[in-house]
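Throughout, a chain's letter reflects where its sequence line sits, starting with A, and its residues are numbered from 1.
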Amino acid sequence: MKDIPKDTLIRASRGDMGAFEDIYRLSSGFVYSVALRVTRNRDDAQEVTQDVFLKIYRKLRSFRFQASFKTWLYRVTANTAINSYRRRAKEMARSGDFDTAIKTEGVCEAVESEVDQKDSLERVNKLLEKLNLDQRTCIVLRELEGLSYKEIAKALKININTVRSRLKRARQALMRRPKEGGGQ
Amino acid sequence: MRCKRIQDLIMSDYVDGELKGYLLKKVQQHLVSCPECKQFEQSLQRDAIAPFKEAEQVKPPDSVWDQIRGDILEQELQRKGVFANIKNGLDYFLHTPKPVLAFATVAILIVLTLIFARLPFGDHNGYLANDIELLSYLDIDESGYVDFGTTIEEYLM
């Protein structure tokens, strides 16, 4: 995600709609990408994106510019996406098999609509399906968005060793023939 | 360093560029000398790292921004509506003609005076009632003769 100029943030905090749109253009790709990968549903991802930016708009007036705006955005995005996924999972669990439902809807729509990107998107989605929510969130933030361990830890409010551990387990799950142990 | 420990580091800090200094050197040296760990690292890159590097970032449809902007404008209108009502109320009060305001103020003062005039000295009604009772009891006539009431009272007096 590109850095957002402080001047833009200040103008947006004063109600400048043009500045807020600039913020949206610079960061919506990140927000939507994380939301889509975590929720694995296009409609939910769009709703998450809307929720995130409405929250930002409301809270920007009281933002003190002491903490990094990026860190704040990462946290809001991750939390909103995770909550959305959990809510959907509960609804699906009440109505039927969640895993079956999530494999047949949503993500496939996102893939089919992007012809040029189809192969890489499909491949990424198939990989992410192997992971649980915690692992998937960490992998998305690390591999797709390039966040450091420290940034991921701050965004998810977890220990940095927990980040390390989740990434390790996620990669073990993704490897075709995970190897453990071995000779000296 | 054992291969298990090296592979743990490869799966996390090493592949993420978080490894520095002594440990980084150790892992690099081990990978040169251990074919098994070297193969492990290549499998990791192929299966778990490269696919994500090749993925292009997805962008939200334009309708998402339209919805956000619409919601914000609606919130702003509602917010301004509340403040507008408060401002209208103040404007009405401040711009009311002075004679009317003066009349209203006087009326309020009169009502307050009446209320407070009756309050603080105990049971005012009772006090008046006592006065009335005494006056009727005394029944002072024109000659100044004080009628103390019945013959019994007259007898006692």
Colleague: Would you indicate whether the side-chain heavy atoms of B:Gln75 and A:Arg58 approach each other to under 4.5 Å?
Modeller: yes
Colleague: Pick one of side chain, backbone, both or neither for B:Gln67, based on which atoms fall under 4.5 Å of a heavy atom in chain A.
Modeller: side chain
Colleague: Going through the distances and angles, do A:Tyr32 and B:Lys59 end up as a side chain to side chain contact (heavy atoms under 4.5 Å, CB included)?
Modeller: CA-CA 6 Å; A:Tyr32 184 69; B:Lys59 287 185 179 174; 5.6 Å; no
Colleague: Donor-acceptor check, side chain of A:Tyr149 to backbone of B:Ser12, threshold 3.5 angstrom: yes or no?
Modeller: yes
Colleague: Would you mind reporting whether A:Tyr57 and B:Asp71 have side-chain heavy atoms less than 4.5 Å apart?
Modeller: no
Colleague: Is there a salt bridge (charged side-chain N to carboxylate O under 4.0 Å, His left out) between B:Asp8 and A:Arg164? Walk through the geometry before answering.
Modeller: CA-CA 10 Å; B:Asp8 278 350; A:Arg164 190 175 276 119; over 6 Å; no
Colleague: Based on non-hydrogen pairs under 4.5 Å, which of A:Ala45, A:Ser165, A:Gly29 is most in contact with chain B?
Modeller: A:Gly29
Colleague: Under a 4.5 Å side-chain heavy-atom rule over Ile, Leu, Val, Met, Phe, Trp and Tyr, are B:Leu73 and B:Ile68 clustered together?
Modeller: no
Colleague: Got B:Phe52 and A:Leu174 here, is their nearest side-chain heavy-atom distance under 4.5 Å?
Modeller: yes
Colleague: What pair of heavy atoms forms the shortest contact from B:Arg46 to A:Arg123, and how long is it?
Modeller: O-NH2, 3.8 Å
Colleague: Could you check which of B:Pro60, B:Ser63, B:Ala48 has the highest count of heavy-atom pairs closer than 4.5 Å to chain A?
Modeller: B:Pro60
Colleague: Taking all non-hydrogen atoms of both residues into account, name the closest pair between B:Leu44 and A:Met175 and its distance.
Modeller: CD1-SD, 3.6 Å
Colleague: Give the C-alpha distance, both sets of side-chain angles, the deciding distance and a yes or no for side chain to side chain contact (heavy atoms under 4.5 Å, CB included) between B:Met11 and A:Arg169.
Modeller: CA-CA 9 Å; B:Met11 277 194 288; A:Arg169 284 192 166 70; over 6 Å; no
Colleague: I need the minimum non-hydrogen distance between A:Val124 and B:Ala55, along with the two atoms involved.
Modeller: CG2-CB, 3.5 Å
Colleague: Take atom CG of A:Asn159 as the centre, draw a 6.0 Å sphere, and report whether it contains more than 12 heavy atoms from other residues, nucleotides or ligands.
Modeller: yes
Colleague: Which bit of A:Glu21 comes within less than 4.5 Å of chain B, counting heavy atoms only: side chain, backbone, both or neither?
Modeller: both
Colleague: Determine whether A:Arg171 and B:Val15 satisfy the following criterion, side chain to side chain contact (heavy atoms under 4.5 Å, CB included), listing intermediate values before the conclusion.
Modeller: CA-CA 11 Å; A:Arg171 285 160 180 157; B:Val15 80; 3.5 Å; yes
Colleague: Treating Ile, Leu, Val, Met, Phe, Trp and Tyr as nodes and any side-chain heavy-atom pair under 4.5 angstrom as an edge, say whether B:Val111 and B:Phe103 lie in one connected cluster.
Modeller: no
Colleague: Looking at side-chain heavy atoms only, is the closest gap between B:Arg69 and A:Phe20 below 4.5 Å?
Modeller: no
Colleague: Identify the heavy atoms of A:Arg37 and B:Val58 that sit nearest to each other, and give their distance.
Modeller: NH2-CG1, 4.2 Å
Colleague: Do B:Val32 and B:Phe40 belong to the same hydrophobic cluster, where Ile, Leu, Val, Met, Phe, Trp and Tyr are linked whenever their side-chain heavy atoms lie under 4.5 Å apart, directly or via other members?
Modeller: no
Colleague: Between A:Leu167, A:Val140, A:Val163, A:Leu127, which residue shows the highest count of heavy-atom pairs closer than 4.5 Å to chain B?
Modeller: A:Leu127
Colleague: Measure distances from B:Ile10 to the heavy atoms of chain A and classify the residue's part below 4.5 Å as side chain, backbone, both or neither.
Modeller: neither
Colleague: Tell me, with the steps shown, if A:Ser148 and B:Glu18 meet side chain to side chain contact (heavy atoms under 4.5 Å, CB included).
Modeller: CA-CA 8 Å; A:Ser148 67; B:Glu18 298 272 343; 3.8 Å; yes
Colleague: May I ask you to test the A:Phe53-B:Ile72 pair for a side-chain heavy-atom distance under 4.5 Å?
Modeller: no
Colleague: With no hydrogens and no angle check, is any side-chain donor or acceptor of A:Gln50 less than 3.5 Å from a backbone partner on B:Val64?
Modeller: no
